[in-house]
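Contents: one structure, followed by commentary.
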Amino acid sequence: MASKKVGVMVMMIVVVMAILAERSVAIDICGMTQSELNECKPAVSKENPTNPSTLCCDYLKHADYSCLCGYKNSPLLGYYGIDPALAAGLPSKCNMPNAPTC
């Protein structure tokens, strides 16, 4: 179990480092591009969250929710100013039928 947690943490660190090091390279995280994730960030920000934009809701339609739920307890969310509760509620705010839950 501990080795699995370490493996997941290493994977997340690699993803974050890749994002920071290669901003010009298209990164796909859980079926969403970096620009698509950025479109949703204001709706999940800890400080002054907004309602999700229409574009954000459109992008969520093709996201891999199992993958996104894997980040629910990640300490990296806080580092990027993302509120996990707001992120988990995003599909409902976008009025998605059968909104997934983590």
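Source: prediction; values computed, not measured.
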Are the side chain of [X] and the backbone N or O of [Y] linked by a donor-acceptor pair below 3.5 Å?
X   : Y   : answer
Y65 : C30 : no
S45 : E47 : no
K72 : A85 : no
H62 : M32 : no

- Message: Using a 6.0 Å cut-off, check whether atom NZ of K46 has over 12 heavy atoms from anything other than its own residue.
- Response: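 Count over threshold, so yes.
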
- Check whether any side-chain heavy atom of L37 sits under 4.5 Å from a side-chain heavy atom of K41, and report yes or no.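 Counting from C-beta outward, L37 and K41 never come under 4.5 Å.
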
- Message: Among residues at least two apart in sequence or on other chains, which ones pass side-chain contact (heavy atoms from CB on, under 4.5 Å) with S35?
- Response: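 For S35 the side-chain contact (heavy atoms from CB on, under 4.5 Å) partners, ignoring immediate neighbours, are T33.
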
Atom pair [atom1] ([X]) and [atom2] ([Y]), whose distance is rounded to the nearest 0.5 Å:
X   : Y   : atom1 : atom2 : result
L60 : L55 : CG    : CG    : 11.0 Å
K61 : C57 : NZ    : SG    : 8.0 Å
L68 : C40 : CG    : SG    : 9.5 Å
S53 : Y59 : OG    : OH    : 7.5 Å

[X] to [Y] - nearest heavy-atom pair and separation:
X   : Y   : value
I82 : P84 : O-CD, 3.4 Å
A43 : P49 : O-CB, 4.0 Å
V44 : L90 : CG1-CD2, 3.9 Å

- Test salt bridge (charged side-chain N to carboxylate O under 4.0 Å, His left out) applied to D83 - qualifying residues, sequence neighbours left out: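 Applying salt bridge (charged side-chain N to carboxylate O under 4.0 Å, His left out) to D83 gives none.
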
- Please name the residue in the list E39, K93, E36 that meets the side-chain contact (heavy atoms from CB on, under 4.5 Å) test with C56.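 Result: among E39, K93, E36, E39 is the only option passing the side-chain contact (heavy atoms from CB on, under 4.5 Å) with C56.
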
